[in-house]
Structures are given as C-alpha cells and as structure tokens.
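Just so it is clear: chains get the letters A, B, ... in the order the sequence lines come, proteins before strands, and each one is counted from 1.
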There are 2 protein chains.
Amino acid sequence: MEKLPTIKEIAKQLKVSVSTVSRALSDHPRIGLGTKLKVQQLAKEMGYEPNAQAIFFKQKKTYVIGVVIPYIREEFFSQAISGIESAAMEHQYTILFGQSYDDPEREKAVVEAMKKQRVDGLIISLSKQTNRYDHLEALNKFEIPVVYFDRVPPFKEAHKVFCNLYKGTVDMVGWLFNKGYRRIAFINGPDKLNASKERMNGYIEGISKQKLKVDMQMVEKTDLSKESTHNAMKKLLALKHPPTAIITFNDYVHMDAVQYAQKQNILVNKDIVFVSYANLPITSYTAFPPLVSVEQYPYGQGERAMELMIKILSEKTDNKITNTSFYVEELPATLVAYQQATAGG
Amino acid sequence: MEKLPTIKEIAKQLKVSVSTVSRALSDHPRIGLGTKLKVQQLAKEMGYEPNAQAIFFKQKKTYVIGVVIPYIREEFFSQAISGIESAAMEHQYTILFGQSYDDPEREKAVVEAMKKQRVDGLIISLSKQTNRYDHLEALNKFEIPVVYFDRVPPFKEAHKVFCNLYKGTVDMVGWLFNKGYRRIAFINGPDKLNASKERMNGYIEGISKQKLKVDMQMVEKTDLSKESTHNAMKKLLALKHPPTAIITFNDYVHMDAVQYAQKQNILVNKDIVFVSYANLPITSYTAFPPLVSVEQYPYGQGERAMELMIKILSEKTDNKITNTSFYVEELPATLVAYQQATAGG
DNA sequence: TTGTAGGCGTTATCAT
DNA sequence: ATGATAACGCCTACAA
C-alpha cells in the first residue's frame, strides 16, 4: 500500500528540484526538453496525479460544482444531471451531488455540506417546500455563486435557467382548441411553485385567447402525490359536464391521472384526451402517452446552467467589476408530439 | 466582498498566537477560560468559519466518495445513487458523481478526475465494455479503496456488493413451470457481463430442475438496444413452436420486447407471458408490467456499498493490519410481483 | 535552465 | 497556559 506520489517523490528519484518537476509537468517554457520528457515519463509510470486539494490552497479553486436536486429518480432530474455533468466534464469540472427529497431541512444540510467542501459554485433546483433562502444567500459570504434551474426562486436577484411555460401552455390550449376540444380541464401543481403560476397564467390566457370562458370548476390542483391526483380526477369526472381534454402538470401526474381514468373505464385519449408537460422518454413505454407535451429540455437546462456557472466563474477570475447583475436564461418551452424512448438497458 | 477571516487574523487582533486561537476554538483543555471566551467571541463577530479544505488537506482526508455508474437516467442506477447518498449523508460524507456512459475510455477519464480530487474511496458499477481494470487497481494500490456494486468484476480480489441472480433465475423458471408454462424462452444480455452468465446458468439449472430439456433455440441475446431486442423477439416468434413465456434480461428489454409483441398483435401476458428482472417502479405505469420480477434492490445495493466503504475506511484509519482480504456481500435476489410506483412528481 | 524559499490555513509537537 | 515552528503538496517570484 503506497501513497500517491507527489512531485517531491519524483524530484527525489530524478535528483532534481521540485520546481523543475512542477514546471516540467505544466509545460512551462523555461525547461529543458530532456528534463521535461524524463519527468513526464516517470510521472506517468508512478501514476502521478496532481493533488487538487493542494492546488486549492494556491488558487482557492476546487474545480468542483455542487449540484442539488429534489429527486434523482425522477427522469427529468436525472437527465438534467446528465447535461450538467456533460458540460462540467468538458471544462474539467467535477460535480458534487446531493438530493433534497423536497425537504427544506435536508436541502439546507446538503448545501451546508457543499459549502464546507468549498465548491466553486452551486447549481440547484429548489425543493417544493423551500420558501426561505438564507442557506443559499449564506453562500454569498463565501463568494460561491448559485445558479438555479427549473425550480427557480421568485425573486429577481438570482442567476436562473428555466423554460417559459407560460407560452408553452398557451400553445397547448390552442392546439386542443384547433382539434375541436372545448371543455379543457387543467390539473395544476402546488400554488407556491413558480411553475404552477406560470402554467395557470398560460392556461387562462390560452382559454381567453380562444374566446372561451375560464371555468374554475375545470381547474384542479394536486400536491403531486398519486392520491391527490386521483382525487382531482374524481372531482373533474363528477362534473355535470366533465372535460373532454385534460392538461396535467407533468408526466407523472399524467400517468396517475390516466391510471385513475382507466379504473373508471374511461377510454383514454378517446373519451377524454390527455396532454402534459415534460415529455419524458418513459411515457413512450406507457399504454397512453400524452398526445402532445410541452417539452422542458431537462438535459438542455442542465447544460445551460453549467455553462452559465462556468461563465460566471471565469468572470470572477478575470476580476471584472464585482458583478451585481444576474443572468436569466429563458429557454423556449415547445410543443411536441411524444418522443420515442431511447433508454437502452 | 471581503475574504473570510482566518485564525491568523483573529490571532493578530487579539495579539495572541495562532495556536492559542486554534486551541480556543477547538475547546482544547489546556487553555485559559478568559482567553477562550475572548477568542470565541471575536471569532463569532468576525464571522469566522473554519476552512474545511485546509483541514482536509492536512488530514489527508476529503470526506468525499467518488461514485461512477453507467447511466444515471436508468432508474436502477438513480435508485442506487439514492441509497449511496443516503448512507453517505449519515456519515458526513459527500459524493462526487460521474457517468461512464458504458464507455471504458470515459470511465477511465472519470476515475482519473476522482483520483485527482483525492476521493477517500470509489464506488463503481462497471461499464458494459470494461474488460481492463488497471485504472481501478491503480486506486487500490494508492490506498483508495474501491467498492464495486451490481456490475462487478470477475476476479476475487475486490470488494463487491451484488445480487445473486442465479438463484433468482432458478426461482423464476420454477414459478413459470408451476403456472403451467413449458416453452420458456430467455432473452439474455451481452455474454461478457457477469450478470448475463449468472442468469444463463440459473436458466439452465431452472429448466433442468423441472426435468425439461434446454432448447437453445429458446435462448436469444440482445445488446440491450431496442433494435437488438426486437430482433431477438422476431426470431423467437418465428420458431415452429414459439414460446409461451419469455424471460427478459431487465425491465427495459422487457418493455422493448412487449412493444414488439404488440406490433405483432400478440396478446401480451395472455398469448405469451413476460417476466423480468429489476422491478423498476416505472413498469407499473406501463400497459403490461412483467407478471413477476427478480428484484435486485438497487437502493439496498447502493446503501450497502456505501456502508461497506465506510467500514473499510474506518478500518484503515484505525490502522488495523494492512488488510489483504476483500469483502463480498451477496444480497438475495427475490421473486416479487410487480410493485406500485411511488414517483411523486 | 534549474534551484531555493515562502506561503496558502490548520493542527500537532515541541518548547517556554 | 501560551508561543514558535514544522508539516501537508503545490506553485511561483526570485536567485543563481
């Protein structure tokens, strides 16, 4: 059991100084070619890897970005992480990973742990319940920039990446209208989510735009649990004039809603058509995927969030004026027919 | 934007030495009460936070565990990561995350990056293609323990956590036999995977145990892509005596196989019944989940892998004799009817 | 071209 | 009870 070699070891074996080794390894101009090759070869032989921990001392940089999401098991987030990781790898960053399980306490603990690790930056999609932000603002003290994605905070003073669901929702209502549907219901998510508000506004605008009148009986809410969604469905189906089309908050709600409809012997996408948000690959394996979806590009959001982070970090390094402005990237949420899955086992 | 204060600053302001400050802050016994209070108060006023990185650096410990998996978007692995993260949090460890995308080159690069970050240990589920292990053995050599899970290497000298699929497969064949099925086909995964070999052996043993004869026409292979699975199905359905039951390598293969069967107007789970491995929650949303599954407990495997890692690390710290033995945890793979999904949105 | 020395923040080991 | 100093691995300004 040997220790990982240091430049000191290499220097000793080659009977040169540590600075020579350091220079040789970093392709410094003022170094003899012979020496350089000799050092690099031995370094490789010994399995040398620079100690990022030590480098942190000099540069005060860890090349680690913390990533906090609610649930990794949700395909939306696992795809987002892929986008984040992919962009990170390209720029030699690594990612420290944590889940909040939609619990603000847990979120706080995870953020705390990342602060301790001195991540260079934090990318986070907020927990459903989060309404205080002090644990995140505390990062400012450490000059750790925070980029929010998808579940972003309501205030302006933050870097954010998200999809404009308002427009996507207006489009979706329009699509249904054009197909001839008039009784368009909506199962929305928790009020406090920004995403719920946007969808709601889009729904209202979409309905109004078609000269229909907004009927609040057609609007239900779910806390995203299966029971809650089933309950919303129950209410909708009990209406004197039940809906002919149902927009659901996301694909999970869609699947739960469809499940309930089937139990009631409703012919899904025939008696009632279902449309949704997210467009997750798994829906293509289900019996009744949404007819159309508002695509939210989880991979793209993750990728953009990471690229934004890198931009922010490099501006910091370049010592530009202490930046008081915040970046906001609003990706378009486009309407798409459901996608084929590609999950390969 | 001022920098965080260090013990040095505090020492200077109080005109005491850094060691005194260090001791005062860590409640060292040999320190004057007055001094202690004075230091602690000023530290609080200045918003002092110990620099964990500096401490880790000195201790040669990062409290970070690297985790490398093929694809996070696969539910099996996202659940495994959850188990890993959960156990990690409990012991104040954080996890550095990377995907291999089933590409050995990428796997090597990720492992490399983690070595650079000086992770205290590495938990990995191998890429499908990995057949060289030097990049991983190098870590063991350098006192970075490696724990494999699920996709484990074929050799003995490694810490591993995995499910015994052999027994699970024997049980599954038995279950089908008891239900009256006799023409039991098997779509296996790539030969080189340990998991494929185990399933194959279990299949052969299961068939033989029921006094049936093994018919190699009933055994097909898939590289786990949709096309490959469809092709396997095509061959099986073209047989003079097509199967009445099909065992698939995992739930993704299952879904692809079912998809193909439906296109051929076969009544799934009626004309032909399907059973599978993994038992992922998403299958409960599909039209035809496997009748039974061999549960592989991804969350449990992840959790056990992390706990094993912590055990190994603490043994190392306790300076027990340089441990030359390896831990192997073989979890039972049990037969279960399909589970209700709980994904909550 | 190469070597020497100081410093990043902290703790441990001496000494006082 | 407190202070001085070395050490962790690396980089870099300065010296040779």
Practice task
Determine yes or no for a side-chain-to-main-chain donor-acceptor pair under 3.5 angstrom, with B:Gln79 supplying the side chain and B:Tyr299 the backbone.
Solution key: no

Given D:dA7, is OP1 or OP2 found less than 4.0 Å from the side-chain N or O atoms of B:Lys60?
no

* Asked: What orientation do B:Phe77 and B:Phe149 show, parallel under 30°, tilted 30 to 60°, or perpendicular over 60°?
  -> perpendicular

Whole-Å distance, B:Phe57 CZ to C:dG7 P, equals 16 Å

(request) With side chain to side chain contact (heavy atoms under 4.5 Å, CB included) as the test, would you mind laying out the steps for B:Tyr148 and B:Val161 before giving the verdict? (result) CA-CA 6 Å; B:Tyr148 298 88; B:Val161 176; over 6 Å; no

Using only atom types and a distance under 3.5 Å, with no angle test, would you say the side chain of A:Lys160 pairs donor to acceptor with the backbone of A:Pro153? yes

Which of D:dG3, C:dG3, C:dC8 is nearest the side chain of B:Ser17? It is D:dG3

Separation of C:dG9 atom C1' from B:Leu4 atom CG, nearest Å, is 12 Å

Between NZ of B:Lys61 and P of C:dT11 the distance, given in whole Å, is 16 Å

Rounded to whole Å, the NZ-C1' distance (A:Lys15 to C:dT2) equals 17 Å

### Query
Quick check: does any side chain N or O of A:Asp120 sit under 3.5 Å from a backbone N or O of A:Lys61, one acting as donor and the other as acceptor?
no

note: A:Lys3, atom NZ; D:dA7, atom C1'; distance rounded to Å ~ 14 Å

Rounded to 10°, the angle between the first-five-pair and last-five-pair axes of the helix from C:dT1-D:dA16 to C:dT16-D:dA1 is 50°

Side-chain atoms of B:Thr20 come closest, of D:dC8, D:dG3, C:dC8, to D:dG3

Examine A:Tyr133 together with A:Phe155 and report whether their ring centres are nearer than 6.0 Å.
yes

B:Pro104 and B:Gln129 have their tightest heavy-atom pair at CG-CB, 3.4 Å

When rounded to whole Å, the NZ to C1' distance for the pair A:Lys12 and C:dG3 reads 17 Å

> Has A:Lys8 got more than 12 heavy atoms of other residues, nucleotides or ligands less than 6.0 Å from its NZ?
Replying inline: no

Within residues 31-42 of chain A, the residues having a heavy atom closer than 4.0 Å to DNA chain C are A:Ile31, A:Gly32, A:Thr35

For the pair A:Phe97 and B:Phe97, name the ring-plane relationship: parallel under 30°, tilted 30 to 60°, perpendicular over 60°.
-> tilted

When rounded to whole Å, the CG to P distance for the pair B:Asp27 and D:dT2 reads 14 Å

Heavy-atom nearest pair, B:Leu96 first then B:Met114, reads O-CE, 3.3 Å

Here the distance between atom P of C:dT11 and atom CZ of B:Phe56, to the nearest Å, is 12 Å

Counting primed atoms, P, OP1 and OP2 as sugar-phosphate and everything else as base, the B/S/- map of nucleotides 10-16 of chain D against protein heavy atoms under 4.0 Å is BBBB---

The reported gap from CE in B:Met309 to NE2 in B:His91 (rounded to nearest 0.5 angstrom) is 12.5 Å

